[in-house]
Structure formats: structure tokens, C-alpha cells
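Heavy atoms only: backbone and side chains are in, while hydrogens, waters and symmetry mates are out. Chain letters run A, B, ... following the sequence lines, proteins first and then strands; every chain starts at 1.
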Amino acid sequence: RKEVEQDPGPFNVPEGATVAFNCTYSNSASQSFFWYRQDCRKEPKLLMSVYSSGNEDGRFTAQLNRASQYISLLIRDSKLSDSATYLCVVPRGRNSNSGYALNFGKGTSLLVTP
Amino acid sequence: DTGVSQNPRHKITKRGQNVTFRCDPISEHNRLYWYRQTLGQGPEFLTYFQNEAQLEKSRLLSDRFSAERPKGSFSTLEIQRTEQGDSAMYLCASSLEAPQETQYFGPGTRLLVL
């Protein structure tokens, strides 16, 4: 099993639609999870952090299922500006010498159309 | 701008040449990470510093790659005897030393090896 797996898409949805992305991870010891957004030819930017069962921020909801090692990102009322690649991110693991170096999925591409 | 900065933003070089990239982290961040991203993939971890100490290297960091952070502030990533397979976006990120710190990414250096 790859460390972080995502459906690459692309997901093409009309404005106003609800869209969900899924992600599975292999490191059962992970305690924190992230969704980053990456626009074309730009750097990744943090969208949401997930530390417990889930997190909600406006139109965005992230949910975590530790038993299934599965994370999801739900976007409601999609906007044209939501078009981007969404990266599922899981820390590589922590030991006494390591910080939170990150494992990224390949990303899921979203295109919101008028 | 007080974010992470990287220079140069673009570099074109011929195979066999050496290249060096620089990253200036957010000033109070003592952790600094280097990642590499190729087309269609998520960023892949290369190495990590806490202050001036290089604490972790991935297997992707071959002996042609070396990274330094001599004074615990800016960092350099050098690639010797570049190969076409080194063509990628090289991303730097920094974070605070805290239990669940967020990594903030710089704009990246895009390398093309001809």
C-alpha cells in the first residue's frame, strides 16, 4: 500500500455543486493530517488541518476515519476559484530526531465550470 | 513579504553542471524542509533541518545532492553533475518547533536540465 493514495481525478463539476475527495494512508500511527491546495505552477498552501474526527471551515469539511485509515474533503457550493489540485498530506512519522516531514498524495485535480 | 523565499525561481542548466538553490525561511522558524515535485506528482521529501542540524535525509537524496544550513537561518541545496531526471520543482518549507506545526512553502525553484 502506498503511503498516501488519492484519486487523481480530474473532477469536473458545475458551480454550486458539492464534491468530495477521498484519501487513504498507510501509517496507522499518524496523529495529524492535512489538506493542502496547490494552484497551477504555485506552491502548496495549507487548506485544513485534521487532528481528531474532523474539521469544518466554511464550505470545507474534512473527516477522518482512523479505523479505515481514510480521510475525506468535502467542498460545498463550489466556486470557480476552487479549481486547483488538492493534496492529501500525512506526516512521515516522528522520532526523536525528526520533525513533521510530510508525505503527500499525488493530488486530486478539481475544475469548477460556470 | 515575510514568507518563505527561494532563489532563483527558475534555472536552466546543461547536464553535468552543478547548481545551487537558496531558501530563506520565515524568520522565527527553526525547522526547514526541502521537497522535490515532478509533474503530476505530489511533493516528495528530501531532507530536513532543525536549526543548523540536518536531522533526516530521504533515500531520494543521492550523493550528488547536498544541503546545508550553516547558521540555522537560510539553507542551500546543491546538485552536482546534474542529470535530466533532476528536472523538477524544488520546494522549501519552514515551520515552528511545536507539536503540530504548519509547514509554509516557498514559491519553489523550477529546474530544467537539458
**Asked** Knowing that exactly one of A/Lys45, A/Glu43, A/Lys42, A/Gln38 qualifies, which makes a side-chain contact (heavy atoms from CB on, under 4.5 Å) with B/Phe105?
**Response**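 Only one option passes, and that is A/Glu43.
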
**Residues that A/Arg59 engages under salt bridge (Lys or Arg N to Asp or Glu O under 4.0 Å), provided they are two or more places apart** =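 Checked A/Arg59 against salt bridge (Lys or Arg N to Asp or Glu O under 4.0 Å); matches are A/Asp82.
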
**Request:** Report yes if the side chains of B/Thr102 and A/Tyr36 come closer than 4.5 Å at any heavy-atom pair, otherwise no.
**Result:**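 A side-chain contact exists here, since the closest heavy-atom pair is under 4.5 Å.
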
Are [X] and [Y] connected in the hydrophobic side-chain network, where two residues link if heavy atoms are under 4.5 Å apart?
X: A/Met48; Y: A/Phe21; result: yes
X: B/Val4; Y: B/Leu32; result: no
X: A/Val4; Y: A/Tyr86; result: yes
X: A/Tyr70; Y: A/Leu74; result: no
X: B/Phe65; Y: B/Tyr33; result: no

**Request:** Look at atom OH of B/Tyr104 and say whether more than 12 heavy atoms of other residues, nucleotides or ligands are closer to it than 6.0 Å.
**Result:**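 No, because the 6.0 Å sphere around OH of B/Tyr104 holds 12 heavy atoms or fewer from other groups.
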
**Request:** Verify the neighbour count for atom CD of A/Glu15: are there more than 12 heavy atoms of other residues, nucleotides or ligands below 6.0 Å?
**Result:**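 Counting neighbours around CD of A/Glu15, more than 12 heavy atoms of other residues, nucleotides or ligands fall under 6.0 Å, so yes.
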
**Request:** Tabulate, in ascending numerical order, the residues of residues 106-114 of chain B having at least one heavy atom closer than 4.5 Å to a heavy atom of chain A, or enter 'none'.
**Result:**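 Result: B/Gly106, B/Pro107, B/Arg110.
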
**Prompt:** How would you list, in number order, the residues of residues 35-46 of chain B that have a heavy atom less than 4.5 Å from chain A?
**Reply:**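 Counting heavy atoms that sit under 4.5 Å from chain A, the residues of residues 35-46 of chain B involved are B/Tyr35, B/Gln37, B/Gly40, B/Gln41, B/Gly42, B/Pro43, B/Phe45.
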
**Prompt:** What closest approach, in Å, do B/Glu56 and A/Ala101 show between heavy atoms, and which atom pair accounts for it?
**Reply:**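 That would be OE1-CB, 4.3 Å.
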
**Item:** chain B contact via A/Leu87 - side chain, backbone, both or neither, heavy atoms under 4.5 Å
**Value:**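 Side chain only.
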
Listing, residues 8-16 of chain B side-chain donor-acceptor contacts under 3.5 Å, not counting sequence neighbours, or none:
none

